[in-house]
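Here's the structure, in structure tokens; my notes come after.
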Amino acid sequence: MYIEDRLKKETLKAVQELYSTTIDSKLIQVNSTRKDQKGDFTVVVFPLLRYSKKKPEETGEEIGNFLKENLDSICSYEVVKGFLNLTLSFSYWINILNRINSEENYGFTPVSDDSPLMMIEYSSPNTNKPLHLGHIRNNLLGFSLSRIAKANGLKVVKTNIVNDRGIHICKSMLAWKKWGNGETPKSSGKKGDHLVGDYYVKFDKEYKNELAQLQKEGMSKEESEKSSSLMAEAREMLLKWEAEDKEVVDIWKMMNQWVYDGFDATYKKLGVDFDKIYFESQTWSVGKEMVIDGLNKGVFYRRDDNSVWVDLSSEGLDEKLLLRSDGTSVYMTQDIGTARLRFDDYPIDKMVYVVGNEQDYHFKVLSIILDKLGFSWGKDLVHFSYGMVELPDGKMKSREGTVVDADDLMEEMVKTAREMSSESGKLQGYSTVEAEKIYEMVALGALKYFMLKVDPRKTMTFNPHDSIDFNGNTGPFIQYTHARIKSVFRKAIDKGLEWSGSAPDGVEFNKKEHDLIRTLDEFRHVVKEAITSYSPAIIANYAYDLAKEYNQFYHDSPILFEENSDIRNLRLSLCKATGDTIRRCMWLLGADVPERM
RNA sequence: AGCCUCAUAGUUCAAGGGAUAGAACGGAAGUUUCCUAAACUUCAGAUCCAGGUUCGAGUCCUGGUGGGGCUACCA
């Protein structure tokens with residue numbers, strides 16, 4: 001049992017004995033003491049005043065005294081305003097430190113056979129545009145969440161649903177057919193997803209031209225849209241696709257493969273992966289069947305024009321379309337089908353969708369529909385709803401060319417990392433290949449930290465001109481701290497001052513050392529909180545605090561120059577624990593830490 | 001119009017109803033004969049407005065103002 005739980009229990013007992021009342025344990029708050037106050041843990045006494053019927057100071061004194069009598073680890077206490085600050089003994093903290101260093105994966109819960117299974121859907125790209133900044137946030141959140149879940153003892157299946165069918169796909173296919181002259185990624189040297197994306201844009205441009213021309217000839221906007229021959233061709237292509245017309249399907253397969261090759265390269269560079277990929281071209285028909293099934297069960301209803309709807313007015317929502325009047329499926333239909341397939345494939349206990357908050361309504365509806373169809377997991381599916389990434393002057397708009405492309409961005413950041421590193425010259429003696437690996441690690445660390453340190457629910461702003469920092473509250477700052485620690489241990493070997501493997505009991509430590517141990521101790525809470533609140537940002541912010549704390553300690557306290565071997569081993573223990581904890585934090589964020597940088 | 005969501009230094013972000021609202025960038029000034037200066041130290045600078053609940057409100061409630069989103073036979 002950890003000390004916080006014991007403190008709570010003993011405080012409960014104290015109230016019982018001192019004031020002869022039993023109170024709800026929720027009233028007892030044990031917090032970590034603010035770093036600017038003396039003490040390690042704080043019991044907030046305000047809520048207890050109703051029972052003590054005494055002044056805050058007096059109540060604090062009485063409870064403090066009781067706790068000190070009953071818990072050996074407490075060596076002193078003081079009451080400041082309504083706060084009872086307890087100070088624990090040096091040996092308590094030495095113990096904690098040694099525990100951190102002796103446990104295999106401190107703060108993590110191992111996965112066991114009967115662990116619940118969490119399926120996490122993320123990424124969910126369209127095959128007609130390359131990945132951009134918004135996808136990066138999605139991918140990094142999804143991947144990090146999967147690691148956080150694993151660290152909390154859950155089995156995890158990462159999944160991706162690729163949106164590979166529909167009218168929008170036909171648009172890029174049609175444009176390629178009309179104006180492509182057989183261009184391929186090979187012949188043009190373009191990455192496949194970018195090539196296909198270009199044709200999607202090309203279609204849009206030609207379509208706009210056509211509309212403008214028609215309107216010039218006197219048509220209204222609606223009329224021109226209706227009589228556009230380009231759009232008619234695209235629709236015809238979709239019908240052919242659904243009828244499995246060989247020519248169309250062949251082009252579809254070929255162009256999709258170009259895109260997948262492109263996506264794979266981007267995913268690889270980003271460092272994310274999936275255990276199982278679903279394609280909408282395979283799930284849409286299942287969705288249709290389920291809608292028909294629901295229709296038979298009376299959950300849905302058919303309108304005169306043959307379209308199928310669900311009435312959610314009793315849930316306070318409106319009516320939602322599930323099948324168009326021509327029998328084709330919509331987004332919702334596909335999500336229903338995909339859910340069915342997934343639950344057939346895996347014994348899922350928790351389904352998490354990492355999808356932007358623009359779809360809050362969609363997932364609310366999906367949850368209700370799945371529940372209505374009789375799926376027990378429908379009600380508590382989790383929509384991990386994250387905020388948009390905006391540019392300083394607003395949303396990214398592909399038509400205005402303000403989209404920040406994922407590949408370009410990563411490339412740019414690697415370049416910056418390379419420049420910064422060669423300025424400092426710390427990688428001398430490394431081969432080009434090794435050095436290049438570190439540039440990538442640092443660049444990606446910067447990007448990942450930048451995206452993940454923000455509360456996922458909030459809209460975030462990305463300024464492409466300032467780009468992403470490598471100094472201050474950044475990924476490289478944290479990586480740098482790790483590299484520094486590794487360097488200390490290398491130097492320790494050179495000097496013959498190897499670490500004894502533990503901190504000796506009986507040694508006393510200074511304020512900075514004390515703060516550092518306390519911060520290290522908090523890691524276990526942070527890991528748990530990250531999963532309960534679905535927030536990698538909690539890990540990121542903690543990692544920064546820890547690195548900051550360490551750097552202050554490092555600055556103030558000589559480690560290898562310390563003559564007293566007990567103190568030196570304490571400090572090396574702190575270095576070891578900090579290095580490992582930083583590595584674990586970054587792992588949870590999906591980022592790596594270098595030995596040198 | 002209705003519903004959802006957000007609002008904190010010049011800027012980008014923190015702050016489980018708890019103490020003097022914390023960082024970073026940018027601005028001003030410092031620290032390397034010493035374990036990595038991508039670091040450390042110091043200074044200036046913020047809770048949209050009006051009420052309410054509470055011993056205590058950036059945090060909860062109500063109303064305003066302002067931004068974003070959703071309310072598609074698009075995905």
Side-chain angles (χ1 to χ4, degrees), chain A residues 29 31-37 42 44 46-47 49-50 56 80-83 85 124 126 128 163 165-169 280 303 305 307-309 316-318 320-326 328-332 334-335 356-362 364 385 387-388 390 392 394-395 417 420-421 423-424 426 442 446 450 453-455 457-463 466 469-481 483-492 494-495 497 525 529 533 537-538 540-541 544-545 547-548 550-552 554-562 571 575 596-597:
Chain A
Q29 290 177 53
N31 302 337
S32 196
T33 304
R34 288 172 55 127
K35 295 258 160 78
D36 54 359
Q37 298 281 333
T42 296
V44 184
F46 291 112
L49 301 181
R50 306 171 44 187
V80 182
K81 295 184 233 174
F83 301 93
N85 296 333
S124 322
N126 273 329
N128 57 6
N163 181 353
R165 62 168 291 279
I167 187 79
H168 55 289
I169 308 295
E280 277 188 5
R303 283 189 184 168
D305 65 1
S307 56
V308 178
W309 296 73
L317 306 174
D318 55 8
K320 199 81 195 168
L321 176 87
L322 297 176
L323 281 183
R324 294 194 191 100
S325 47
D326 63 1
T328 54
S329 63
V330 292
Y331 185 34
M332 189 63 76
Q334 290 156 14
D335 262 354
N357 63 12
E358 59 199 348
Q359 290 185 37
D360 284 355
Y361 184 68
H362 173 81
K364 221 168 163 179
S385 161
M388 302 284 99
E390 287 185 353
K395 263 193 111 170
M420 286 197 70
S421 190
E423 261 175 50
S424 76
K426 283 181 191 131
V442 172
F450 179 86
K453 75 172 174 185
V454 182
D455 182 336
R457 279 158 280 273
K458 289 190 180 166
T459 302
M460 66 180 292
T461 308
F462 174 83
N463 191 333
D466 297 1
D469 254 313
F470 286 69
N471 298 315
N473 184 356
T474 65
F477 171 85
I478 295 164
Q479 290 172 318
Y480 172 76
T481 308
R484 238 183 179 184
I485 290 169
K486 286 293 173 182
S487 171
V488 169
F489 282 98
R490 280 193 300 270
K491 286 268 157 59
D494 292 349
K495 290 184 165 223
L497 295 172
H525 296 297
E529 212 190 322
S533 56
I538 291 171
N541 288 316
Y544 176 70
D545 282 345
K548 185 101 189 140
Y550 177 85
N551 280 328
Q552 289 169 2
Y554 179 93
H555 187 263
D556 293 355
S557 313
I559 300 164
L560 300 175
F561 294 107
E562 173 58 46
R571 291 182 180 162
C575 292
R596 260 176 235 256
M597 65 183 270

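Below, chains carry the letters A, B, ... as their sequence lines are ordered, and counting in each starts from 1. The figures here come from the full heavy-atom set of this structure, side chains too, leaving out hydrogens, waters and symmetry mates.
- At a threshold of 4.0 angstrom between heavy atoms, the contacts of A:Pro56 with the nucleic acid are absent.
- Listed candidates were B:A24, B:C13, B:U36. Nearest to the side chain of A:Thr461 is B:C13.
- The side chain to side chain contact (heavy atoms under 4.5 Å, CB included) with A:Tyr554 is formed by just one residue from the set A:Ile485, A:Thr481, A:Val488; it is A:Val488.
- Comparing A:Ser307 and A:Ile559, the nucleotide of RNA chain B nearest to each residue sits closer to the 5' end for A:Ile559.
- Candidate nucleotides B:A75, B:C55, B:A14 were compared by shortest atom distance to the side chain of A:Phe46, and B:C55 ranks first.
- Counting heavy atoms of neighbouring residues, nucleotides and ligands inside a 6.0 Å radius, atom CZ of A:Arg50 does not exceed 12 of them.
- Between A:Arg324 and A:Asp326, no side-chain nitrogen of the basic residue sits less than 4.0 Å from a carboxylate oxygen of the acidic one, so the salt-bridge criterion is not met.
- You'll find a donor-acceptor pair under 3.5 Å spanning the side chain of A:Thr42 and the base of B:A19, going by distance alone.
- The side chain of A:Lys426 has B:A38 as its nearest neighbour among B:C35, B:A38, B:A19.
- As rounded to the nearest Å, B:C13 and B:U53 have P atoms that lie 35 Å from one another.
- Each of B:A38, B:A75, B:C6 was ranked by its minimum atom distance to the side chain of A:Pro476; first place goes to B:A38.
- Using modelled atom types, one finds a donor on one side chain and an acceptor on the other under 3.5 Å when comparing A:Asp360 with A:Ser385.
- Per the stacking criterion (ring centres < 5.5 Å, plane angle < 30°), A:Phe83 stacks onto the base of B:A19.
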Return the polar atom pairs (N/O with N/O) between nucleotides 40-44 of chain B and the protein under 3.5 Å, or none.
{"residue": "B:C40", "atom": "O2'", "partner": "A:His555", "partner atom": "ND1", "Å": "3.0"}
{"residue": "B:C40", "atom": "O2'", "partner": "A:His555", "partner atom": "NE2", "Å": "3.4"}
{"residue": "B:U41", "atom": "OP1", "partner": "A:Gln552", "partner atom": "NE2", "Å": "3.1"}

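- Nearest-nucleotide mapping onto RNA chain B: of A:Val80 and A:Leu323, the residue sitting toward the 5' end is A:Val80.
- Remark: the backbone N or O of A:Ala417 is not paired with any side-chain donor or acceptor of A:Ser421 at under 3.5 angstrom.
- Checking B:A24, B:A75, B:A39 against the side-chain heavy atoms of A:Tyr480 singles out B:A39 as nearest.
- Minimum atom distance to the side chain of A:Ser487 is reached by B:C35, of the listed B:C35, B:A75, B:A38.
- Distance from the side chain of A:Lys491 is smallest to B:C35 among B:C70, B:A75, B:C35.
- Taking only side-chain atoms of A:Tyr544, from C-beta outward, the nucleotide of B:C70, B:A23, B:U20 with the closest atom is B:A23.
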Discussion item. Only Watson-Crick and G-U wobble pairs with both distances less than 3.5 Å should count. Give RNA chain B in dot-bracket notation, marking inter-strand partners with |.
Written reply: (((((((..((((....[...)))).(((((.......)))))....(((((..]....))))))))))))....
